[in-house]
Amino acid sequence: MKKLNLYFSRLLEKFWFSFSVVVFLGALAIKAMYSMDDFPYFQKNGIWDLVLTAAMIALLLAVFRKKEMIEKKLNYMFLFLFFGGLGCLFLFLVPLRPFSDMQYVAEGALQIAAGNVDGILQSDYLQMITKNLKVSLFYACFAVCLPKYVISLRMINVLLYLVISFFMGKIGKNLNHNYPKMIFLLTASYLPLFLYCNHIYFDLPVLCMCVVSVYIYTSGRDWKQLVLSAVFLGIGISMRELAYVFALAMAVDYILHDKVRSVRENVKKWFAFFIFVCVILMIPKATDKITDTFFRVEGAESESIWTQFWMGINEEEFGFMHNEIYDGQKDFNDFYTLLTSRSVKQNIHLFGRKIFWTWSQGTYQAQRYGFGNDAEQSSDKFDYETAATKYLCKDIQRGRKIINLVCRAQYLALFFFMTVGLFSMEQEREAYRIFLYVMVLTFMILVFYEMKSRYILHCIIPMMMYALRGLRLSDRIS
């Protein structure tokens with residue numbers, strides 16, 4: 001069993017390392033782009049793309065070399081106040097009016113928080129898209145004690161952003177990267193994550209639940225940590241099934257964790273695993289029961305999950321959401337029929353573009369979710385005028401272009417050090433195994449699932465942990 005586990009881990013490491021090298025080198029030549037008209041495309045890199053990527057790699061290494069000073073000079077109060085203040089300033093300067101799905105989620109959260117159940121029952125969108133009704137419910141739990149305004153929901157996002165940054169540092173410390181404040185600094189400075197403070201949707205809540213659960217689990221990888229982490233994972237899964245990748249990664253890691261145990265300890269281990277599975281399944285079921293009982297009309301239909309898989313293999317936009325052909329009631333047969341209706345060559349072409357775009361795009365589409373759709377004037381999408389709004393109306397404006405360049409450069413720098421971090425894993429393979437599983441499982445699901453680069457936002461957790469190891473190795477070499 002031990003040899004099989006070692007062989008399997010090495011095989012996955014080699015696969016992910018090879019895949020990462022190909023994606024990174026490809027991203028230096030070809031730039032995966034997101035159009036504000038909501039479709040994906042490719043173009044050649046410009047000189048500034050390469051310069052900024054190189055600069056960001058050098059900057060990350062420079063910050064890493066100052067880790068002792070950062071740990072000594074900075075305290076958590078300063079980090080929370082500084083980045084919390086920046087988050088609030090961003091929300092004030094960019095008062096984006098909720099749009100698309102975010103609009104319905106925000107309206108639903110405020111109505112639930114205010115006790116207006118009738119408003120939820122009359123919303124065709126929330127009655128159909130129940131996964132987003134549960135996101136509304138999550139925000140409403142916090143908004144109950146806050147003023148019933150959109151800005152309150154965004155302040156919740158700032159809190160989630162800070163919690164994510166804090167626990168990322170704690171996860172790093174669990175892996176013997178004993179500089180959690182520097183990791184907090186790197187995470188909070190990650191511009192795509194910061195921009196998501198303006199997006200009232202599932203992204204930050206689910207990521208926060210996953211980060212906390214991973215921290216708890218990696219604190220000991222024992223039965224107590226496993227069961228407690230299941231509570232936070234169950235909440236995350238209630239909002240998005242993609243959080244199941246963490247549950248599965250934890251389950252496999254826990255089973256394969258090498259430790260000499262007595263019969264009594266083995267019984268405890270498997271009983272804890274049983275409780276873990278029950279909690280993971282029961283919390284989403286309980287959430288479904290609550291939403292169906294109190295917030296849905298009788299007989300309301302839900303969107304089929306196979307709609308996302310069917311959408312994920314459309315040729316027109318190689319798996320991107322294509323609103324012109326959207327149908328919320330697709331099933332497995334529709335997915336299978338579409339997949340097998342094309343030749344092997346056509347599918348290879350589709351999946352090749354889809355995979356490369358997803359893992360190299362780099363901004364997680366934060367340019368849309370942080371600043372909204374393009375508009376002719378700021379009043380078309382912002383609640384009020386500020387000193388910044390007139391410079392943020394369109395993605396082609398200079399300020400927006402610079403932000404997009406920085407986001408992508410940060411992502412590629414993180415991706416580069418993650419790839420370096422996959423070297424020489426013999427002594428640390430077991431500690432990092434769960435993070436490798438998360439990335440590989442995400443990759444496997446997104447081959448077929450609807451394509452959006454924001455669907456790998458949760459991979460900031462494993463990418464950062466491997467990148468920290470890559471930074472350490474790079475620092476020793478240089």
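Note that the coordinates shown come from a computational prediction; the quantities given were computed from them, not determined experimentally. Counting begins at 1 with the first residue of the sequence. Side-chain atoms are counted along with the backbone in the values below, which use heavy atoms only and exclude waters and symmetry mates.
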Within-4.5 Å side-chain heavy-atom neighbours: [X] and [Y]:
| X | Y | answer |
| --- | --- | --- |
| Phe24 | Met418 | no |
| Pro98 | Val150 | yes |
| Leu61 | Ile57 | no |
| Ser123 | Glu107 | no |
| Val245 | Leu248 | no |
| Cys208 | Phe167 | no |
| Ile461 | Phe435 | yes |

Does atom [atom1] ([X]) have a neighbourhood of more than 12 heavy atoms from anything else shown, all under 6.0 Å?
| X | atom1 | result |
| --- | --- | --- |
| Glu376 | CD | no |
| Tyr391 | OH | no |
| Phe42 | CZ | yes |
| Tyr104 | OH | no |
| Lys148 | NZ | yes |

Classify the angle between the aromatic ring planes of [X] and [Y] as parallel (below 30°), tilted (30 to 60°) or perpendicular (above 60°).
| X | Y | answer |
| --- | --- | --- |
| Phe19 | Trp16 | tilted |
| Tyr41 | Phe39 | tilted |
| Phe166 | Tyr76 | perpendicular |
| Phe443 | Trp359 | tilted |
| Tyr190 | Tyr364 | perpendicular |
| Phe371 | Phe90 | perpendicular |
| Phe246 | His458 | perpendicular |

When rounded to the nearest 0.5 angstrom, what is the spacing between [atom1] in [X] and [atom2] in [Y]?
| X | Y | atom1 | atom2 | answer |
| --- | --- | --- | --- | --- |
| Met168 | Ile460 | CE | CD1 | 5.0 Å |
| Ile164 | Cys210 | CD1 | SG | 9.5 Å |
| Thr187 | Ile171 | OG1 | CD1 | 9.0 Å |
| Ser165 | Phe194 | OG | CZ | 10.5 Å |
| Phe382 | Thr389 | CZ | OG1 | 6.0 Å |
| Tyr369 | Arg454 | OH | CZ | 4.0 Å |

Verify, without hydrogens or angle tests, whether [X] (side chain) and [Y] (backbone) share a donor-acceptor contact under 3.5 angstrom.
| X | Y | result |
| --- | --- | --- |
| Thr53 | Ala409 | no |
| Lys354 | Gly312 | yes |
| Thr218 | Tyr215 | yes |
| Gln308 | Glu450 | no |
| Asn75 | Phe78 | yes |
| Asn347 | Leu339 | yes |
| Lys330 | Ser304 | no |
| Gln103 | Arg97 | no |
| Glu13 | Leu422 | no |
| Gln410 | Ser189 | yes |

**Message:** Strictly below 4.0 Å, N to O, side chains only: are Arg400 and Asp395 in salt-bridge contact?
**Reply:** yes
**Message:** Check this for me: does any side-chain nitrogen of one of Glu430 and Arg221 sit under 4.0 Å from a carboxylate oxygen of the other?
**Reply:** no
**Prompt:** Considering the options Leu436, Thr442, Val438, which one meets the side-chain contact (heavy atoms from CB on, under 4.5 Å) requirement together with Pro462?
**Reply:** Val438
Do [X] and [Y] pair up side chain to side chain, a donor and an acceptor below 3.5 Å, judged on atom types alone?
| X | Y | result |
| --- | --- | --- |
| Arg240 | Tyr201 | yes |
| Gln225 | Ser219 | no |
| Arg472 | Asn176 | no |
| Asp253 | Tyr217 | yes |

**Prompt:** Is Arg368 positioned over the aromatic face of Tyr34, cation under 6.0 angstrom from the ring centre and no more than 45 degrees off axis?
**Reply:** no
**Prompt:** Think Lys67 forms a cation-pi with Tyr179, using NZ or CZ under 6.0 Å from the six-ring centre and within 45 degrees of its axis?
**Reply:** yes
